[in-house]
Structures are given as structure tokens and as C-alpha cells.
*Asks:* 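For reference, the structure I am asking about is given below.
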Number of protein chains: 2
Amino acid sequence: MSTNRRRSASATRAAILDAARVRFAAEGLDRVTVRDIAGDVGVDPAMVIRYFGSKEGLFAEAARFDLELPDLGDVPPEEFMDVLMPHFFSVWENNAGFLALLRAATTDKKSAAKMLDLFTEQVAPALAAAAVDRAPERAALLGSQMLGLVLSRYVLGVPPLVEMDRERLRDWIAPVLRHYLTAEPPSA
Amino acid sequence: MSTNRRRSASATRAAILDAARVRFAAEGLDRVTVRDIAGDVGVDPAMVIRYFGSKEGLFAEAARFDLELPDLGDVPPEEFMDVLMPHFFSVWENNAGFLALLRAATTDKKSAAKMLDLFTEQVAPALAAAAVDRAPERAALLGSQMLGLVLSRYVLGVPPLVEMDRERLRDWIAPVLRHYLTAEPPSA
DNA sequence: CCCATAAGTCAACAGCTGTTGACCTGACTG
DNA sequence: CAGTCAGGTCAACAGCTGTTGACTTATGGG
């Protein structure tokens with residue numbers, strides 16, 4: 001029964017950040033209060049401000065993450081999807097920050113801008129090696145399908161998509177991604 | 001210069017509803033206040049509550065709409081996309097209610113449920129005539145691409161998608177929709 | 001053992017929110 | 001022309017929000 005009420009500053013900071021990610025991912029930026037997060041950690045709301053400056057600062061940190069997309073330059077084209085799809089699933093299902101950002105991006109301009117950065121600074125370059133030409137256009141189209149899938153499966157919970165297992169989903173989606181990546185673009 | 005400050009109740013109600021649709025579509029459910037909407041119409045916030053009961057009631061009405069999807073039973077399969085795509089564009093670009101609902105659906109559970117209803121009660125049945133089998137699964141996949149496109153183009157504003165004209169977008173997307181609608185499903 | 005200090009609490013603030021009920025007012029009707 | 005009543009205003013409420021500064025307490029190093 002040793003009274004372990006005190007912890008190190010960095011541990012508390014990390015606990016707040018974790019709780020924030022979970023909350024923001026599940027309920028969205030506007031519907032989560034500083035008091036909610038502090039409550040989850042068992043700490044006074046003032047600590048949140050102390051460690052992160054503001055709610056906005058906390059969110060910015062909670063929604064920051066790296067897609068760590070593999071370099072497709074080393075991968076033979078016919079294996080692109082075997083590399084890409086598992087990676088996407090892993091990001092969506094293990095990274096609360098991504099869902100948090102997606103939820104916020106529909107109403108918060110800064111989050112929307114951050115989402116765009118993700119595209120132009122991480123997705124587009126990674127796909128540039130795979131796309132035959134017009135990389136930004138192809139990346140945007142591919143991204144739209146990916147975002148729509150995340151939205152439908154993890155945010156809205158569209159039943160057929162929730163029930164479908166990863167393999168079947170991959171088999172449905174992969175030809176589409178291939179299409180966006182390698183198909184001849186529409187005439188002129 | 002006759003003082004037309006008074007209008008009919010129904011005219012005021014309609015004006016509030018219009019302003020609400022625009023605001024909700026542009027800023028989302030949580031970031032729009034009753035005072036904002038009332039201000040747009042030039043009316044006291046109390047009127048909003050008088051005519052719609054609550055903010056929630058107003059939103060429910062503002063986000064209610066009909067997709068009016070055509071019956072694909074009469075259309076030969078090779079013309080599906082010629083019928084579907086213009087219809088989708090028309091809904092997205094002339095119907096603020098749809099954007100309002102999409103923005104809200106990422107955080108508001110009732111809105112998410114309403115979005116699901118839209119799928120199961122309007123999209124899936126309309127596509128049932130076009131899909132060879134497994135209509136709900138195919139409709140969900142098709143819907144995910146459509147939602148992703150709306151999100152990317154009209155909400156996030158992904159540059160390549162914003163700049164692309166409707167025809168080119170149709171040419172990119174149509175094969176994908178066809179794939180979801182008619183392709184052999186993944187093995188078992 | 002003591003005390004400086006890191007870690008945390010507490011109460012309060014100012015602002016905004018949806019919502020309410022009492023009140024006002026202009027126009028039509030008898 | 002008086003009075004009714006639909007259409008609209010007004011002030012205020014209670015609750016919640018992010019944020020602040022002053023206070024408290026445990027703990028580890030001298």
C-alpha cells in the first residue's frame with residue numbers, strides 16, 4: 001500500500017498524451033474536454049495545460065505521427081500491394097493519432113492542413129517511385145480510396161466493411177490501387 | 001423604403017433552415033452556434049429554438065435529404081456510370097445537407113447512424129439491380145470510394161482532386177465503381 | 001533530519017453555449 | 001379605431017469550457 005501518487009513529470013506527460021490520443025481518436029477534437037483527459041489520467045486539468053501549453057498544443061502533439069511508408073523503389077511492381085496494404089492496416093489499427101487527425105480534419109482547418117501535408121510530404125513521394133507518371137494526381141486518387149475506407153470502416157462502421165476480414169478487403173481494394181497507380185490516365 | 005421587417009413565419013423558418021444548411025456544411029455541427037445562424041438571418045437566437053425546438057432538431061432537419069438515386073433496373077449495364085456519376089456530382093455540389101451530414105458524421109453518433117441509413121436504405125437498394133450478387137458488400141465498397149472522394153475533394157481540398165474537372169474525375173473513377181459493382185468477388 | 005524543489009491541487013476567472021419565459025409591437029379584423 | 005395575436009425581441013439562466021495563479025505536499029539530496 002505504498003503511496004505512489006507521485007510520478008515523474010515525463011511519465012505524467014506521457015500518460016496524458018496517451019489518454020489524449022485515445023479520446024481524440026474516439027470522440028473527436030471538439031467533443032473531448034481537457035477535464036475528460038485529465039480525469040482519465042487521474043490528474044488535475046491544470047497539469048494538461050502545464051505540460052502542453054494549451055488544448056490545441058496537446059492535440060497537435062497527439063495527432064503527430066509518421067506513416068513510415070516503405071520505399072517502393074526497391075520493390076518489384078507486382079509486389080507493391082503486398083507491401084502497401086499490410087502497412088496501411090497497421091497504421092489504421094495501431095495508431096490512434098491517425099483516427100484523431102481524420103476526425104478533426106473534417107471541421108478543424110489546421111487538422112485539414114496537416115492531413116494535406118501528410119499526402120504531399122509522405123504519401124506522394126513514397127508513391128512517386130511506383131507511379132509511371134503524374135504522381136500527385138495518382139497519389140491523390142489512391143489516397144481518396146484509402147481515406148474513404150478508413151472513414152467507412154473505422155469511423156462510420158459500415159457493417160459489410162467492418163465484418164470483412166483484412167484479406168478479403170485487400171483482395172477487393174488492391175486492383176483499385178493498382179489502377180490508380182499504373183493505369184493509362186484518361187485521354188487528355 | 002417600406003419597413004418590411006416582419007415576414008411570414010414560414011418564410012423566417014425557411015430562411016433559418018437555409019442559413020443553417022450553409023453554416024453546418026461549411027463549419028460542422030459543433031463549430032456553428034445558434035447565435036451564428038440567427039445572426040445570418042438577422043433574427044434573435046430565440047427564433048431558432050421556437051421554430052426547431054433545439055439545435056439538434058434544426059440540424060436533423062438541415063441534414064435531411066433524399067439522394068433520389070435513379071432505378072438502375074431500366075439502364076443497360078454499360079450505361080451505369082453515365083447515369084450514376086453525374087448524379088453523384090449533382091448531389092455533392094448542389095446539396096449542402098450532404099456535406100453537413102458528412103462533416104458531422106465523424107464525431108456525432110446520430111449523424112453517423114443517419115449516414116448508415118443512407119447507405120442501407122437508398123444506395124444499397126438502388127445498386128441491387130446493378131450488382132450481380134452480394135449487393136450490400138458491393139454497395140459498401142462503392143460507397144467508401146465515393147465518400148473518400150467527397151472528403152478529399154470538397155472537405156479537405158486535396159489540390160489535384162480540386163483542380164481536376166468532372167469529366168477527368170469520372171474517367172478515373174468509373175472503372176473502379178464498375179469493378180466493385182460487377183467484378184468477380186475475391187475467392188472464398 | 002531538513003528543506004528546496006519538483007509534482008500536483010485548488011478555486012476561480014471570463015467567456016461562450018443552448019435554452020427559457022416574460023415582454024414588446026406592428027398589422028390586420030371587427 | 002380598438003384590440004387581438006402572430007411575429008419578434010430581450011435579458012437572463014445555468015452549465016460548461018480553457019486557462020490562470022496561488023497554494024500545498026511529498027520526496028530525495030546535503
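Letters A, B, ... are given to chains in the order of the sequence lines, protein chains preceding strands, and every chain is numbered from 1.
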*Asks:* Under 4.0 Å between a Lys/Arg side-chain N and an Asp/Glu carboxylate O for A/Arg170 and A/Asp82?
*Replies:* no

*Asks:* Mind checking salt bridge (Lys or Arg N to Asp or Glu O under 4.0 Å) for B/Lys114 and listing every partner two or more places apart, or none if nothing turns up?
*Replies:* none

*Asks:* Do B/Arg103 and B/Glu27 meet the salt-bridge criterion of a basic N to acidic O distance under 4.0 Å?
*Replies:* no

*Asks:* If an axis is fit to five pairs at each end of the helix from C/dC1-D/dG30 to C/dG30-D/dC1, what is the angle between the two, to the nearest 10°?
*Replies:* 10°

*Asks:* Does a donor on one side chain sit under 3.5 Å from an acceptor on the other, for A/Tyr154 and A/Glu93?
*Replies:* yes

*Asks:* In chain order, what residues pass the ring pair (Phe, Tyr, Trp, His ring centres under 6.0 Å) check against B/Phe24, with sequence neighbours excluded?
*Replies:* B/Phe59

*Asks:* Taking B/Leu181's backbone N and O only, do any of them form a donor-acceptor pair with B/Arg138's side chain (distance below 3.5 Å, no angle check)?
*Replies:* yes

*Asks:* When we call it a touch if two heavy atoms are under 4.0 Å apart, what does B/Val43 touch: a base, just sugar-phosphate, or nothing?
*Replies:* sugar-phosphate

*Asks:* Looking only at side-chain atoms of A/Ile49, point me to the closest of C/dT9, D/dT19, C/dT20.
*Replies:* D/dT19

*Asks:* Atom CZ of B/Arg50 to atom P of C/dA22: distance rounded to whole Å?
*Replies:* 11 Å

*Asks:* For A/Ala46 and B/Gly42, find the nucleotide of DNA chain D closest to each by heavy atoms; which residue's nucleotide sits nearer the 5' end?
*Replies:* B/Gly42

*Asks:* Start at the 5' end of DNA chain C and walk down; is the nucleotide closest to B/Asp44 or to A/Ala9 reached first?
*Replies:* A/Ala9

*Asks:* Return yes if some donor-acceptor pair links the side-chain N/O of B/His179 with the main-chain N/O of B/Ala174 below 3.5 Å, else return no.
*Replies:* no

*Asks:* Test: ring-ring contact (aromatic ring centres under 6.0 Å, His included). Region: residues 61-85 of chain B. Which pairs qualify, not counting sequence neighbours?
*Replies:* B/Phe65-B/Phe98

*Asks:* Got a donor-acceptor contact below 3.5 angstrom from the A/Asp108 side chain to the A/Ser111 backbone?
*Replies:* yes

*Asks:* When you measure from every atom of DNA chain D, which of residues 52-60 of chain A have a heavy atom less than 4.0 Å away?
*Replies:* A/Ser54, A/Lys55

*Asks:* Report the nucleotide, chosen from C/dC10, D/dT19, C/dG8, that has the shortest atom-to-atom distance to any side-chain atom of A/Met47.
*Replies:* C/dG8

*Asks:* Of the nucleotides C/dT9, D/dG8, C/dA7, which one has an atom closest to the side chain of A/Tyr51?
*Replies:* C/dA7

*Asks:* Using a strict heavy-atom distance below 4.0 Å, which residues from residues 12-41 of chain B are in contact with DNA chain D?
*Replies:* B/Thr12, B/Arg35

*Asks:* Do A/Arg178 and A/Glu78 sit within salt-bridge range, that is, some charged N less than 4.0 Å from a carboxylate O?
*Replies:* no

*Asks:* Within this structure, what is the CZ-CZ distance for the pair B/Arg21 and B/Arg64, rounded to the nearest 0.5 Å?
*Replies:* 10.0 Å

